[in-house]
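Each remark here refers to the structure printed beneath this line.
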Amino acid sequence: MTEASAPGKIILCGEHAVVYRRPAIALPLADLRARVVVEPGDAGSGITIDAPDLERRWTLASAPDHPLSALIVSVLDHLSRDAQSDVPAPALQIRITSTIPIAEGMGSGAAVATALVRALAAHLGHELPAEVVSTLVYTSERRFHGTPSGIDNTVIAFERPIWFVRRPATDNPAIENLIEPVTIAAPFRLLIGDTGVRSLTHLPVGEVRQRWQAETAHYESLFDAIAASVIRARAALAQGDIRALGALLNENQALLEQMGVSSDDLDRLVAAARAAAALGAKLSGAGWGGVMIALVMPADGERVAAALAEAGAARMLETAVERQVNV
Ligand code: PMV
């Protein structure tokens, strides 16, 4: 039996603009994880995938077009190329579980895919570097979800805070994208407030693309303003200036609102968090639902959490972001 896991993620700042090659900062959520267990199956039974959280069970042969079936095939292809000989599709039982909420902007799809790639490769005796895992997951996401920037698979595969800038599309995004560690000079806490509204990433992403096409100059200037605030957020993190970071998260939210990707539910949670002493608050991920984040001092965490609950948050999580000094 082989087990592997992968974390959820949160985008601290820069979502949407990151699709248009502006920088963004993302953090792994170590406590929320997707897990995949791979066990030998009965001889001749092929590959069976069991996802009890989704109430789904299928075989590779019966659903070859399922995104995870296609991902399994591309991992086997990759391992065959690596070994310069065919890695035959063995008889396997693959079981997928996850504590990451689905379609809430916390990277559940990319985390499941990452854990699957890691577990399958490990079961077949290979340890893949993070860049390769990230590329396999990205290629799968791109096939099924249009034009993701690649930030989700990258932060999840590298499992550390990242500065990410998308580079022109190539077959090897992990190499072409700019991926740098982020220095975090002072620890901080984020409360994650869930609207309870599922949001499919491609819908707001598609809407932003249409608006960008219709009003290119306006949207380019919004993306530039987001980039400027993300650059300052990186400096604030490096200086341990949590108050400045809070103000920059607020600035980023105002720009996301102007882009039309917030929602009444998100706005209500953001306002409640700020009124209850959060240093800053914004939506996180694609918007129109999903989650928002609030930057809080440890002493104010409970007060802000109570305010979010009062304002109708369907669920709340707290994450501590540790000091991270990169040499
Ligand atoms: O999948 P989500 O909800 O975390 O959103 C991804 C962030 C976007 O910038 C909106 C899209 C992308 O591909 O980067």
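First listed ligand is number 1; within each ligand, the first listed atom is number 1.
Here the closest non-hydrogen pair linking S45 and A91 is OG-CB, 3.9 Å.
A distance limit of 4.0 angstrom between heavy atoms and ligand 1 selects the residues K9, I11, E15, H16, V18, V19, G105, P148, S149, I151, D152, T201, V205, G285, A286.
Qualifying side-chain hydrogen bond (donor to acceptor under 3.5 Å, both in side chains) partners for D300, counting only residues two or more places apart in sequence or in other chains: R303.
Between P101 and S108 the shortest side-chain heavy-atom distance does not fall below 4.5 Å.
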Test log, rule side chain to side chain contact (heavy atoms under 4.5 Å, CB included), inputs M106 and K9 = CA-CA 5 Å; M106 285 187 264; K9 72 97 208 346; 5.8 Å; no
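For residues 22-32, the pairs satisfying salt bridge (charged side-chain N to carboxylate O under 4.0 Å, His left out) are R22-E220, R22-D224, with sequence neighbours left out. For residues 274-289, the salt bridge (charged side-chain N to carboxylate O under 4.0 Å, His left out) pairs, not counting sequence neighbours, are E15-K282.
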